[in-house]
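A short worksheet on the structure shown next.
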Amino acid sequence: MKKKIVIANWKMNHDFYETTSFLRNLLKIFFEKKINNKKKVIIAPSFPFLHISNQILQGSSLSLAAQNICQMENGSYTGEVSASMLRSIGIHKVILGHSERRKYFSETNDILLKKIKIALKYGFHIIFCIGETALEREKNEQFLIVKKQLEETVFHCSSLEEISYFIIAYEPIWAIGTGKTATSEEAQTMHRYIRSLFIDKYGEKVSQKMSILYGGSINDLNARNLFSQEDIDGGLVGNSSLEIEKFLKIIQS
Ligand code: 13P
């Protein structure tokens, strides 16, 4: 059975103190409330705090993801962080393809494909984000867009083993940080469509096991409804993951 997964994408939020105290408190609550590991909880803090975060979470059921990696392996790329650097501090999950990286840092599908290849080479699990803009949905192009995003990136992977390293996150851009969530039906329809694309390309077995998460204005009030849909295997959470009480409610949903 697929595990339900909740991922906190903290983006460029939380400094050293906020990061470490959040994680210590979360661990304490997990322990006290005996929150079991049938659910997988992943936190994606900023680069400078991944190392200390990993030390804090050692031996717990919580794990970490980086928010990005460089598409180059190593060398003269000022300001970048490589997959091998992250592996050397024990990080082996990464978020790629987030719409904010596509929009503000010009990450194209070509660049993302390079990042995927490097990530897989270093054994990373990849949380890969796809999703349409408001205008594309208005024009009813959301299915075409999502298909194209996959065809130009993830679908270049040929082996089933590689595909087993992916978690897909459907994040409609119009829902990110806007307080406007996709309805459970809209999200379920898209998730089922995404799964069908994987089934067509890679077969039932690997595709039924793949976790497809929803992201975009998830909060403590709408999470339960979204997560109860058949093809929604959890969430990628931005704003509501920054406060421990809200995030806990989402985990418990
Ligand atoms: P919000 O939950 O703030 O809408 O952000 C979603 C997101 O972008 C997660 O990656």
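Keep in mind that what you see is a predicted model, and the values were worked out from it rather than measured. Ligands are counted one by one from 1 in listed order, and the atoms in each one are counted from 1 as well.
Among protein heavy atoms, atom 3 (O) of ligand 1 sits closest to N239 N, 2.9 Å. Summary of contacts: the protein heavy atom closest to atom 2 (O) of ligand 1 is G238 N, 2.9 Å. Given atom 9 (C) of ligand 1, the protein heavy atom at minimum distance is E171 OE2, 2.8 Å. At the top of the distance list for atom 5 (O) of ligand 1, counting protein heavy atoms only, stands K11 NZ, 3.2 Å.
Looking at L112 and F128, their side chains come closer than 4.5 Å, going by heavy atoms from C-beta outward.
E141 and R137 are not joined by a salt bridge, as no carboxylate oxygen comes within less than 4.0 angstrom of a charged side-chain nitrogen. With salt bridges taken as basic N to acidic carboxylate O contacts below 4.0 Å, one links R195 and D233. For the pair D220 and K246, the salt-bridge criterion is not met [side-chain N within less than 4.0 Å of a carboxylate O].
Counting heavy atoms closer than 4.0 Å to ligand 1, residue N9 contributes side-chain atoms (C-beta onward) but none from N, CA, C or O. Contacts between A175 and ligand 1, counted as non-hydrogen atom pairs separated by less than 4.0 Å, involve the backbone only.
Under 3.5 Å, the side chains of Q188 and Y214 contain no donor-acceptor pair of N or O atoms. Using a 3.5 Å distance cut-off with no hydrogens or angles, the side chains of W10 and Q67 do not pair a donor with an acceptor. Side-chain contact check for Y170 and Q142: no donor-acceptor pair (N or O, by modelled atom type) lies under 3.5 Å.
Taking the side chain to side chain contact (heavy atoms under 4.5 Å, CB included) definition, one finds that I56 meets it with T20, L23, R24, L27, I52, sequence neighbours left out.
The shortest heavy-atom distance from S241 to ligand 1 is not under 4.0 Å. Ligand 1 has S217 within reach: a non-hydrogen atom of the residue lies less than 4.0 Å from it.
Note: no N/O pair closer than 3.5 Å links L236 and ligand 1 by distance alone. By the 3.5 Å distance cut-off applied to N or O atoms, G177 is counted among the residues near ligand 1. Looking at ligand 1, you won't find any N or O of T178 less than 3.5 Å from one of its N or O atoms.
With ligand atoms numbered from 1 in the order given, ligand 1 contributes 4 (O), 6 (C) to contacts under 4.0 Å with heavy atoms of G216.
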